[in-house]
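Structure first, commentary second.
Quantities reported herein were computed from a predicted structural model and do not represent experimental measurements.
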Amino acid sequence: MGSDDSSIIAEYFGYASHWLTTREGERIHYLDEGDPDSPPVILLHGSAIGITAAANFYLTVPALVDAGYRVVAPDLYGYGFTEAPPGVDAIRPNQVDLVIRTMDALGLARAHVIGNSLGGMVLASLALEHPERVAGGVVVGTAGARWKDGSRFEPNLTSHKDTGRYEPSLVRRSMKHLVHDPRMVPEELVEFRTRMAERPGAYERHQESTRMRELSKVHYPFLPENAARCRVPMLFLFGREDRVNPPEDALAGAEAFPNADLVVFGHCGHWTMIERADDFNHLVLRFLSGYDERIVEPPLYADDLRGERLLAGGGR
């Protein structure tokens, strides 16, 4: 595994590959799009067979860049083209460490972070452990919280079923589980992820990364009492028909973080950034451009301002 075959990223998505080494034996593959002096946004992808940061956020990156942001999107340990150093597995604390190492290497003291599914759990841990580094977070799919009374349906545990031998149908089946409307899965994306899954050793790495993801849920569970102390503004974006992490879990996460909003898209599954791309990008850009500050309670809703807002019609 190395940089030679990363040209597939440019072939399908038009993005250049960038590489970081923060310690011996490591090569972090990441996208770096937009003006280096623009406000930074970090994108953290989900976990599924053949996934990369580019494949997860190919409709998000151009919207952010066009709006004047710098986009940094690493492949997490165990995924895409990133090579972890010996002894560093794909458990969540190591993924958080990868984000911090990437930020430090690029001179990013603070950034907004968007995390999808696995990336949402990494974002939640990052915000809890390093709140000074996260200007605001957008959670897509899950932050790791679970609704205490269950949900309307059992979650579809897509990658949990990838335990046998690899076959190409696994890629298409996995991707169809992520959307409400299967027509939203482009053939080019299926082709890209199939090529990624068929790279030497890729399927075995996918299986091991899935195992580490599930171990992380056991050993590093989402604790609402910890989230309650986190002041980072958060925006939860979920699909009503999400059968990977049902929207009841979104409510659990949004209730846990005191400075959080929740938006649920109808006729939409786990991939809100794909199925409702225009609406998703609109809400993300609004959040980044100052709405995140409105989510934080003090001082906007302080007693000395409340009367002024009511007189101005702001309380209606």
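- Side-chain contact between H45 and T52: absent, with no pair of heavy atoms (C-beta onward) separated by less than 4.5 Å.
- Side-chain N/O atoms of Y203 and E198 include no donor and acceptor closer than 3.5 Å.
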Begin with the C-alpha distance, continue with both residues' side-chain angles, and end with the deciding distance and a verdict on side chain to side chain donor-acceptor pair (under 3.5 Å) for H29 and S17. CA-CA 7 Å; H29 177 265; S17 290; 2.7 Å; yes

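- Note: F257 and F236 have tilted aromatic rings, judged against thresholds of 30 and 60 degrees for the angle between ring planes.
- Using a 4.5 Å heavy-atom threshold, the side chains of L215 and M212 count as touching.
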Does the pair V139 and L235 meet the rule for a side chain to side chain contact (heavy atoms under 4.5 Å, CB included), with working shown? CA-CA 6 Å; V139 173; L235 174 63; over 6 Å; no

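- Between V71 and L31 the shortest side-chain heavy-atom distance does not fall below 4.5 Å.
- Between the side chain of N281 and the main chain of L59, a donor-acceptor pair closer than 3.5 Å is present.
- Taking 4.5 Å as the limit, every side-chain heavy atom of Y220 sits out of range of all side-chain heavy atoms of S125.
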Show your working on side chain to side chain donor-acceptor pair (under 3.5 Å) between R92 and S216 and close with a plain yes or no. CA-CA 6 Å; R92 196 185 313 139; S216 295; 4.9 Å; no

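- Both L108 and L76 are part of a single hydrophobic cluster, where members link through side-chain heavy atoms under 4.5 Å apart.
- Taking the centre of each ring, F280 and F265 stay at or above the 6.0 Å mark.
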Using side chain to side chain contact (heavy atoms under 4.5 Å, CB included), reason through R193 and M175 one step at a time and then give a plain yes or no. CA-CA 9 Å; R193 287 181 52 168; M175 293 174 70; 3.8 Å; yes

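- Counting non-hydrogen atoms of other residues, nucleotides and ligands closer than 6.0 Å to CG of D278 gives a total of 12 or fewer.
- Side-chain polar atoms of S38 and R70 form no donor-acceptor pair below 3.5 angstrom.
- Remark: the backbone N or O of I28 is not paired with any side-chain donor or acceptor of T82 at under 3.5 angstrom.
- N94 places a side-chain heavy atom less than 4.5 Å from the side chain of D89.
- When only modelled atom types and interatomic distance are considered, H18 and D32 share no side-chain donor-acceptor pair under 3.5 Å.
- Taking each heavy atom of E33 and V65 in turn, the nearest pair found is CB-CG2, 3.7 Å.
- In this structure, R286 is positioned above the aromatic face of Y291, its NZ or CZ under 6.0 Å from the six-membered ring centre and within 45° of the axis.
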Please report the C-alpha distance between D104 and R133 in whole Å, then the side-chain angles of each, then the deciding distance to 0.1 Å, and finally whether the salt bridge (Lys or Arg N to Asp or Glu O under 4.0 Å) criterion is met. CA-CA 10 Å; D104 288 346; R133 307 300 296 269; 2.8 Å; yes

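- In this structure, F57 has no ring-ring contact (aromatic ring centres under 6.0 Å, His included) partners at least two apart in sequence or on a different chain.
- A donor-acceptor distance shorter than 3.5 angstrom exists from the side chain of T194 to the backbone of V190, with no hydrogens or angles considered.
- Side-chain contact between L126 and V113 is present, with heavy atoms from C-beta onward closer than 4.5 Å.
- Of the N and O atoms on the side chains of E191 and Y12, at least one donor lies less than 3.5 Å from an acceptor on the other residue.
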Let me have the donor-acceptor pairs involving side chains of residues 268-277, under 3.5 Å, with sequence neighbours excluded, atom names and distances please.
residue, atom, partner, partner atom, Å
H270, ND1, D242, OD1, 3.2
H270, ND1, D242, OD2, 2.7
H270, NE2, S117, OG, 3.0
E275, OE1, H180, N, 2.9
E275, OE1, G269, N, 2.6
E275, OE2, H180, N, 3.1
E275, OE2, D181, N, 3.1
R276, NE, D279, OD2, 2.9
R276, NH1, G266, O, 3.0
R276, NH2, D279, OD2, 2.9

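- With sequence neighbours excluded, the residues satisfying side chain to side chain contact (heavy atoms under 4.5 Å, CB included) with P186 are Y58, E188, L189.
- Of all heavy-atom pairs between G136 and V232, the closest is CA-CG1, 3.9 Å.
- Annotation for E167: atom CD counts as buried by contact number, over 12 foreign heavy atoms lying within 6.0 Å.
- The shortest side-chain heavy-atom distance between Y15 and P62 falls under the 4.5 Å cut-off.
- The shortest heavy-atom contact between I295 and M234 is CD1-O, 3.9 Å.
- G80 and D75 make their closest contact through CA-OD2, 3.5 Å (heavy atoms, listed as atom of the first residue, atom of the second, distance).
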Stepwise, does the side chain to side chain contact (heavy atoms under 4.5 Å, CB included) test hold for T60 with V284? CA-CA 9 Å; T60 311; V284 166; 5.6 Å; no

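- Side-chain N or O atoms of T142 include one that pairs as donor or acceptor with a backbone N or O of G144 at under 3.5 Å.
- Nearest approach of A111 to P40, heavy atoms of both residues: CB-O, 3.7 Å.
- A donor-acceptor contact shorter than 3.5 Å is absent between the side chain of E26 and the backbone of A84.
- The residues E208 and R213 are annotated as not salt-bridged, no charged nitrogen and carboxylate oxygen being separated by less than 4.0 angstrom.
- Side-chain atoms of N226 and R229, non-hydrogen and from C-beta on, do get closer than 4.5 Å to each other.
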